[in-house]
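Report on the following structure.
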Amino acid sequence: MAANDEPRPLHFIRQIVADDLASGKHGGRVVTRFPPEPNGYLHIGHAKSICLNFGLARENRGGVCHLRMDDTNPSKEEQEYVDAIIRDVRWLGFDWGDKLFYASDYFDRIYEYALDLIKKGKAYVCDLTADEVRDHRGTLTEPGKGSPHRNRSIAENLDLFTRMAAGEFPDGSRTLRARIDMASPNINMRDPVMYRILRAAHHRTGDKWCVYPMYDYAHCVSDAIEGITHSICTLEFENHRPLYDWFLDALETPHHPQQIEFARLNVTHTVMSKRKLLKLVKEGLVRGWDDPRMPTIAGLRRRGFTPESIRDFCERVGVGKNESLVDIALLEHCLREDLNKRAPRVMAVLKPLRVVIENYPEGMVEEMDAVNNPEDSSAGTRKVPFSRVLYIERDDFMEDPPRKFFRLAPGREVRLRYAYFVTCTSAVKDPATGEVVELRCTYDPATRGGGAPDGRNVKATLHWVSAAHARDAEVRLYDHLLSAEDPDDAGEGDAFMSAINPGSLQALAGCKVEPGLAAAAPGAFFQFERLGYFCADSEDFRPDALVFNRTVGLRDTWARAQGRKEPQARG
RNA sequence: UACCCGGUGGUGUAACGGUAACACAGCAGGUUUUGGUCCUGCAUUUCGAGGUUCGAAUCCUCGCCGGGUAGCCA
């Protein structure tokens, strides 16, 4: 949670804020806001905006960041989303104190401001249908035509608008529009709609209103009401800035926030649009908004990402104005870097292969000392039971190994981590299939703990788990949900669906884990040595039914060298 | 075709008229009781053409390329 610890490069928004602070532009204050619409779950793209807005407030003395639900369209918004947003922003590590607001809190004032605008002759009630409005708007290259109702008297506009709000007219029959310029090259300025008639129960105001303000009008007014200094949004609102300023100038509001636009975050192998994510949820392609394959904050959390790593990622991707596609490898790097320092090491075997140490006494059990985290000596050590029958990873044995394979093979000696050197004497095969089902080995009692008194060395150290003491577990391996690097590149609409990776989830049953893992807390993270970072699933993990998610694999130069083509869930 | 915004290694971001750099990814070594971590090294960059200037990634002009915009969505 670095606040002012390190000198950071000043990206253009920090620069603007610093300049404004220096010139006293907003009375030396920094007030930002994160304004999600509660119509879906927050995703990694929102995390960038959250870190930016809350970060700006945090890193400047006296700065504040409001959390504001932009709930001006009751037909799409739900309380479930409000709750999820609050949970996610808080989990990311940000605090808004008592500054939790809703655009709907301001409906009365927004309405009063609309009346003001009418009185100034700058807004009028228009009776055109939606289709007619579109026809009058013109096109990108042709100017629009004025509405026939553009020059109604102020008195008539006042009367009509109050009656709109009173429920005298059917949905969609009239709108309140700003009177600006139908010939403006900026289509947003061609008498934009300010209010529409819409009879839908609002999650907060119920049926109090049947007219709801549009984004362009409500947002700038909400910002002004809250005394926002820097109103940060994404690039697609750049063309709306003249309108943002027009409303606030026309209304002569006490505050006039500055709208600043930045490029939204895109990440490879994923989609960010709420509509698309909703589709994945609704079509059952994922288990829900919090499916560990989803780029949602809830999904990343369940997958095992830490808030620290996400914040670090958001800082590293930078803030700019050019559209970019960030390699998901950077996110994974941030995660590994964080987890490497903090995750307790533990041994788990995903694809077990039975090993019998023939010269190890039957019935004997030794408690081996294992280091919990070589990156953190304060993490201490633990005891791991060792006995005559063990499991090792199937991938750690090859009957006929290629040149650079360092692991176990017939006649070869390797180290069992924190235990002994063992030598494979033979492989037992299933006579029917020829599959190796068991390894017979011998151990060297002099190598207890993993060191050889005679100084000889081995080329590999394997993880293992004692068969008699192991606990069964289900382990879920994940790969990219979308196999295309840029799924949106496939085209408009639902074209991204063609990039769905059918192998994005691979659930392994019968995995064998260290006994201590039965006591794991749901959500707790670990490094399964030599495999990757895993977490106890926050929903499905129970002491008698262990379920782990692979958060991200370790860097694996061996697998890469092999150029693995197996359709194996990675990552 | 109108308006707006952008174009720096494979990716992302810096350099604020003065030696183009950092991170990720890639490759090659070293260390190692995790083929992890860590350490070292390598390769790859200013969209193009003019102009201003002693000097341009940076300023100007014109191109080219990419994105956004015609919801009573946000």
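Below, read A as the first sequence line, B as the second, and so on, with proteins coming before strands; counting in each chain starts at 1. Keep in mind the model is a prediction, meaning the values are calculated, not measured.
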OP1 or OP2 of G35(B) less than 4.0 angstrom from a side-chain nitrogen or oxygen of Arg407(A), does that happen here?
no
For Glu367(A), does the CD atom have more than 12 heavy-atom neighbours from other residues, nucleotides or ligands under 6.0 Å away?
yes
Please check if the number of heavy atoms outside Arg264(A) that lie under 6.0 Å from its CZ is greater than 12.
no
Residue pair Gly318(A)/Arg241(A) against RNA chain B: nearer the 5' end by closest nucleotide is Arg241(A)
Side-chain donor-acceptor contact under 3.5 Å, Tyr215(A) with Asn73(A):
no
Between U37(B) (C1') and Leu339(A) (CG): distance, integer Å:
13 Å
Atom-pair distance (CG on Leu325(A); P on C24(B)), nearest Å
19 Å
Does Phe313(A) reach a base, just sugar-phosphate, or nothing at all? Heavy atoms under 4.0 Å.
nothing
Among side-chain atoms of Glu80(A) and Tyr41(A), is any donor-acceptor pair under 3.5 angstrom?
yes
Using OP1 and OP2 only, check whether a side-chain N or O of Arg345(A) sits under 4.0 Å from G36(B).
no
Spacing between Arg14(A) atom CZ and C16(B) atom P, to the nearest angstrom:
18 Å
I'd like to compare against my own output: the B/S/- annotation of nucleotides 67-74 of chain B with a strict under-4.0 Å heavy-atom distance to protein.
SBBBSBBB
Under a 4.0 Å heavy-atom cut-off, which of residues 451-465 of chain A touch RNA chain B?
Gly451(A), Thr461(A)
Atom-pair distance (CD on Gln527(A); P on U37(B)), nearest Å:
10 Å
Which residues share a salt bridge (charged side-chain N to carboxylate O under 4.0 Å, His left out) with Lys48(A), sequence neighbours left out:
none
Once ring pair (Phe, Tyr, Trp, His ring centres under 6.0 Å) is applied, do any residues pair with Tyr420(A), and if so which ones, sequence neighbours excluded?
Phe386(A), Tyr443(A)
Once side-chain contact (heavy atoms from CB on, under 4.5 Å) is applied, do any residues pair with Asp327(A), and if so which ones, sequence neighbours excluded?
Thr268(A), Ala329(A)
Could you give the distance separating G9(B) and A15(B) at their P atoms, to the nearest angstrom?
16 Å
By salt bridge (charged side-chain N to carboxylate O under 4.0 Å, His left out) - contacts of Asp223(A) (at least two apart)
Arg33(A), Arg68(A)
Let me know the distance between CG of Asn322(A) and P of U11(B), rounded to the nearest Å.
12 Å
Sequence neighbours excluded, which residues qualify as salt bridge (charged side-chain N to carboxylate O under 4.0 Å, His left out) partners of Lys321(A)?
Glu238(A), Glu261(A)
Anti/syn call for G6(B), syn if |chi| within 90°:
anti
May I ask you to check whether Glu485(A) and His269(A) show a side-chain donor-acceptor distance below 3.5 Å?
no
Please report the distance separating the P of U45(B) from the corresponding atom of C3(B), rounded so that it comes out in whole Å.
36 Å
Measure CZ/Arg412(A) against P/G35(B) and give the value in whole Å, please.
13 Å
Between Tyr533(A) and Gln527(A), do the side chains contain an N or O donor and an N or O acceptor separated by less than 3.5 Å?
yes
Nearest-Å distance once atom C1' is located in both U46(B) and U8(B):
4 Å
Which whole number of Å gives the distance between the P atom of C5(B) and that of G63(B)?
16 Å
The reported gap from CG in Leu243(A) to CD1 in Ile180(A) (rounded to nearest 0.5 angstrom) is 5.0 Å
Do the two ring centres, one from Phe406(A) and one from Trp558(A), sit under 6.0 Å apart?
no
Determine the interatomic distance between C1' on A57(B) and the same-named atom on A21(B); round to the nearest Å.
12 Å
Over all strands shown, is Glu142(A) touching base, sugar-phosphate only, or nothing at heavy-atom distances under 4.0 angstrom?
nothing
Rounding to the closest angstrom, what is the interatomic distance between A20(B) and C4(B) at atom P?
34 Å
Please measure how far the P atom in G48(B) lies from the corresponding atom in A56(B), and state the result in whole Å.
15 Å
Using the 3.5 Å cut-off, write out each protein N or O paired with an N or O of nucleotides 40-42 of chain B and the distance between them.
none

Determine the interatomic distance between C1' on A74(B) and the same-named atom on U11(B); round to the nearest Å.
30 Å
How does RNA chain B look in dot-bracket form if you count Watson-Crick and G-U pairs under 3.5 Å, write [ ] for pairs that cross, and put | where a base pairs with another strand?
.((((((..((((....[..)))).(((((.......)))))....(((((..]....))))))))))).....
Under the ring pair (Phe, Tyr, Trp, His ring centres under 6.0 Å) test, which residues partner Phe169(A), sequence neighbours left out?
none
Nearest-nucleotide pick for Thr557(A), side chain only, options being U13(B), U34(B), G35(B):
G35(B)
For the CZ atom of Phe397(A) and the SG atom of Cys424(A), what is their distance to the nearest 0.5 Å?
4.5 Å
Reference residue Tyr212(A); test ring-ring contact (aromatic ring centres under 6.0 Å, His included); the match among Tyr195(A), Tyr106(A), Phe107(A):
Phe107(A)
At 4.0 Å (heavy atoms only), tell me whether Arg415(A) reaches a base, stays on the sugar-phosphate, or touches nothing.
base
With a 3.5 Å cut-off and no angle check, do the side chains of Glu37(A) and Asn39(A) form a donor-acceptor pair?
yes
Starting at CD of Glu375(A) and ending at P of C38(B), how long is that distance when rounded to a whole Å?
7 Å
Protein N or O to nucleotides 20-23 of chain B N or O, pairs below 3.5 Å:
unit_1	atom_1	unit_2	atom_2	d
A23(B)	O2'	Arg316(A)	NH1	3.1

By salt bridge (charged side-chain N to carboxylate O under 4.0 Å, His left out), which residues pair with Arg190(A), not counting sequence neighbours?
none
Atom CG of Asp488(A) and atom C1' of G66(B) are separated, to the nearest Å, by 15 Å
